[in-house]
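Since the structure is predicted, the reported quantities are computational estimates derived from the model, not experimental observations. Just so it is clear: chains get the letters A, B, ... in the order the sequence lines come, proteins before strands, and each one is counted from 1.
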There are 4 protein chains.
Amino acid sequence: MGVARSGEAATGREPGARSGRRDQLLEIAAGLFATQGYAETTMRDIADATGILAGSIYHHFSSKEAMLDELLRGFLVDLHERFAAAERENTDPQETLSTLIRISFSCISESPHAVAVYQNESATLQRQEAFAYVGDYGVRIERIWLRVLTAGQEAGVVRSGLDVKVAYLFMRDAIWSAVRWYRPGGQLSLETVADQYRDLLYGGLF
Amino acid sequence: MGVARSGEAATGREPGARSGRRDQLLEIAAGLFATQGYAETTMRDIADATGILAGSIYHHFSSKEAMLDELLRGFLVDLHERFAAAERENTDPQETLSTLIRISFSCISESPHAVAVYQNESATLQRQEAFAYVGDYGVRIERIWLRVLTAGQEAGVVRSGLDVKVAYLFMRDAIWSAVRWYRPGGQLSLETVADQYRDLLYGGLF
Amino acid sequence: MGVARSGEAATGREPGARSGRRDQLLEIAAGLFATQGYAETTMRDIADATGILAGSIYHHFSSKEAMLDELLRGFLVDLHERFAAAERENTDPQETLSTLIRISFSCISESPHAVAVYQNESATLQRQEAFAYVGDYGVRIERIWLRVLTAGQEAGVVRSGLDVKVAYLFMRDAIWSAVRWYRPGGQLSLETVADQYRDLLYGGLF
Amino acid sequence: MGVARSGEAATGREPGARSGRRDQLLEIAAGLFATQGYAETTMRDIADATGILAGSIYHHFSSKEAMLDELLRGFLVDLHERFAAAERENTDPQETLSTLIRISFSCISESPHAVAVYQNESATLQRQEAFAYVGDYGVRIERIWLRVLTAGQEAGVVRSGLDVKVAYLFMRDAIWSAVRWYRPGGQLSLETVADQYRDLLYGGLF
DNA sequence: AATGAATGAGCATTCATTCAT
DNA sequence: TATGAATGAATGCTCATTCAT
């Protein structure tokens with residue numbers, strides 16, 4: 001978009017804009033993958049939306065799968081890191097849980113496309129060897145949540161009758177599914193949704 | 001459909017198995033659509049799994065789309081009817097809500113494939129004219145839940161601070177998403193899950 | 001045409017109605033071949049129009065090609081016989097020519113479907129070994145016309161400057177093409193058309 | 001179309017050959033459509049004859065129908081324009097008629113494939129919405145001929161007893177059908193045929 | 001005679017990918 | 001970097017034909 005090609009100061013690209021086309025392609029692809037589905041999105045769709053020809057994408061990405069991989073891996077690495085940091089830096093289970101929920105909604109807000117793609121495609125993807133890491137990260141993230149929930153139960157702040165695994169799945173699905181209907185700029189602000197969700201979860205959990 | 005041909009008793013076909021191939025095909029297709037995705041499932045996949053040739057499917061269904069249509073329409077008509085009946089026959093909002101939740105889990109138990117397909121494909125499908133009814137039924141079902149939640153709020157049993165629309169989406173997503181991970185015959189019985197979900201929702205709602 | 005198969009008497013079928021379904025099928029097929037084209041007409045089209053299932057046609061005809069064959073062969077045998085008789089029974093070239101033209105229009109009137117099929121498909125068909133006879137009859141018929149035209153030229157009634165081959169093709173195409181636009185029961189009666197054509201041809205020929 | 005790429009002179013491409021493959025494909029397709037029929041010609045036939053794979057055709061044409069459309073539209077637009085110009089630029093009816101006939105034979109000589117396809121497929125095509133223009137051009141062309149014939153009748157050079165519509169159909173069919181048997185380089189030159197046809201028509205008309 | 005299920009070959013079309021320019 | 005022509009495998013679908021009932 002508006003890439004000044006002629007010479008661009010002899011590749012003296014300003015930091016932050018980095019490899020323009022590459023980022024642009026990945027962003028556009030993410031949007032299409034999220035709304036149409038990965039399989040339903042063709043390289044031509046991506047190319048058309050970017051204003052180049054399909055074959056030219058291969059100068060930036062080795063395959064369509066590589067685009068999906070980069071998108072998901074970036075998202076999962078970041079998400080896991082943020083969750084892990086939250087667990088590391090907090091001691092109070094209830095506080096930690098609040099942070100995990102807040103991080104989740106931040107992600108929906110910041111990378112809705114990646115979240116949607118993860119929601120829609122991860123089940124199918126995990127069966128492919130190349131995307132086994134998607135399942136791995138899912139497990140690692142689940143373990144964090146389970147540890148926090150268990151700690152909460154031991155601290156007596158989370159209901160003792162609860163199966164923490166069920167509670168985790170319940171929370172995970174409720175929260176992440178919001179990406180499917182949440183439209184930024186719509187009637188509801190993400191904060192409002194996040195607050196209501198927290199109340200609903202807390203009322204049920206504690 | 002369900003034509004009882006003379007001699008059916010003679011061939012010892014149990015009632016319910018009815019028009020063999022057609023039902024078999026739809027069931028197999030449903031399973032594949034649910035696990036691989038509609039677009040990712042080829043007519044050959046379905047045919048192979050059934051033990052016939054791809055072209056032969058067209059003796060029973062006019063197109064791949066027709067199979068999806070029959071699957072979704074049957075599911076939605078039935079689901080809507082059960083929800084509508086629950087609203088019609090109950091007066092107490094909390095009781096009604098319990099029934100709606102119970103029906104939802106029944107559906108997940110009885111037609112997991114249809115539920116999964118609906119979960120995974122409805123967003124994409126609604127943009128197609130031929131599947132506009134998918135969105136229509138979604139709206140009708142939402143209205144039922146919203147009426148029940150509002151009635152609950154007016155009766156003072158549902159928290160007054162709650163945005164019923166947000167609460168509905170929260171419940172809907174949490175419940176229906178269970179189809180993605182629930183495996184019949186696994187560690188958790190559906191009843192256990194349903195009970196825990198009801199408790200989590202009630203704790204949050206009331 | 002009108003082949004009396006053994007057993008016809010046994011079934012007590014009134015003469016003239018003969019083997020009902022078979023004739024009916026061939027007639028319906030002829031109509032469809034004529035209007036949609038042979039390749040574009042499916043066995044299902046024919047079956048639907050007849051009120052039976054496609055597979056059932058094979059109780060009457062061994063193949064789709066067999067239907068076309070029977071249609072064309074019957075037409076060509078009959079046409080050739082009539083032309084040959086006209087040549088045999090007439091002595092005056094101009095009289096004979098008139099008869100040939102009259103026979104042609106009779107055919108268009110009596111078997112418009114067969115004429116149309118012959119017009120539309122003969123070129124493609126002649127390349128197939130099984131339909132080589134179509135070309136053969138074409139040649140035989142052409143020879144009759146050429147003999148009559150040559151006799152007319154020798155008798156001094158047909159213009160001497162004329163290349164009889166060109167004249168024949170001119171006449172043949174003009175006359176038979178009428179089947180493409182002539183609609184019985186329309187504004188023009190076949191007689192009117194035939195008269196005008198004869199005048200146009202005579203004016204040009206003599 | 002006709003994009004003069006830099007280096008075209010360098011590659012020594014003669015002007016008129018222009019965008020090689022596309023033109024080549026359309027020409028080859030035209031030949032196959034004309035001799036085998038449109039429906040009977042497969043994309044593989046065209047691709048094989050061109051020396052590429054069937055799928056590659058779609059790089060140049062969006063569909064098989066698009067090829068037919070381009071062929072017919074180009075032919076009809078050109079033919080109509082030439083007929084219209086002839087009517088516009090001539091005052092004497094007999095002279096105009098001569099020109100129309102001459103133009104027709106020119107077309108047969110220059111674009112025999114397009115003429116043949118039009119002859120063979122137009123009847124079937126007109127029923128399809130996308131090819132309605134084929135019928136429209138047919139009507140427009142007919143109107144030109146009818147106006148000229150009528151003017152000739154009023155000027156007293158065309159026989160008064162003639163139904164001009166019948167005369168037109170007679171002429172049209174006789175002339176255009178020649179494409180079916182005329183082979184350039186055969187015994188008869190097109191000029192010879194055209195001359196004989198003109199004489200035959202004039203003898204009949206005037 | 002007719003049905004209806006099935007076959008197997010073929011068709012137009014799509015699409016990720018490659019590569020010379 | 002980008003183009004555009006080409007590939008080759010796959011996809012949904014059609015259709016003449018067969019055959020047990």
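Put simply, the side chain of A:Gln126 never gets that close to the backbone of A:Val134: no donor and acceptor are under 3.5 Å apart. Within the 3.5 Å criterion, the main-chain N or O of B:Thr41 finds no donor-acceptor partner in the side chain of B:Asp45.
In this structure, C:His59 does not reach the E:dA2 phosphate: none of its side-chain N or O atoms is under 4.0 Å from OP1 or OP2. For C:Arg22 and E:dA1, the shortest distance from a side-chain N or O to OP1 or OP2 is not below 4.0 Å. The shortest distance between the side-chain N/O atoms of B:His60 and the OP1/OP2 oxygens of E:dA6 is below 4.0 Å. For B:Arg21, no side-chain nitrogen or oxygen approaches OP1 or OP2 of E:dG4 to under 4.0 Å.
In DNA chain E, runs of at least 3 stacked Watson-Crick or G-U pairs (N1-N3 plus N6-O4 or O6-N4, or N1-O2 plus O6-N3, all under 3.5 Å) give these stems: E:2-21 with F:2-21.
Remark: P of F:dC13 and CE of B:Met67 are 11 Å apart, rounded to the nearest angstrom. Atom P of nucleotide F:dA16 and atom CD1 of C:Ile52 are separated by 14 Å, given to the nearest angstrom. At whole-Å resolution of the value, CG in B:Asp48 and P in E:dT7 are 11 Å apart.
Identified under the ring-ring contact (aromatic ring centres under 6.0 Å, His included) test for residues 50-75 of chain A, with sequence neighbours left out: A:Phe75-A:Tyr118.
Inter-residue side-chain proximity for D:Phe131 and D:Thr124 is flagged as unmet; no heavy-atom pair is nearer than 4.5 Å. At least one side-chain heavy atom of A:Arg127 sits less than 4.5 Å from a side-chain heavy atom of B:Thr35. Between C:Leu72 and C:Leu125 the shortest side-chain heavy-atom distance falls below 4.5 Å.
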What string of B, S and - do you get for nucleotides 11-18 of chain E, 5' to 3', if B is base contact, S is sugar-phosphate-only contact and - is no contact with any protein heavy atom under 4.0 Å? SSBBSSBB

Salt bridge (Lys or Arg N to Asp or Glu O under 4.0 Å) assessment of B:Asp69 paired with B:Arg73: CA-CA 6 Å; B:Asp69 179 80; B:Arg73 202 181 288 271; 3.1 Å; yes

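Note on D:Leu53: a base of the nucleic acid sits closer than 4.0 angstrom, heavy atoms only.
Comment: D:Glu27 does not engage D:Arg22 in a salt bridge, judged by the lack of any side-chain N to carboxylate O separation of less than 4.0 angstrom.
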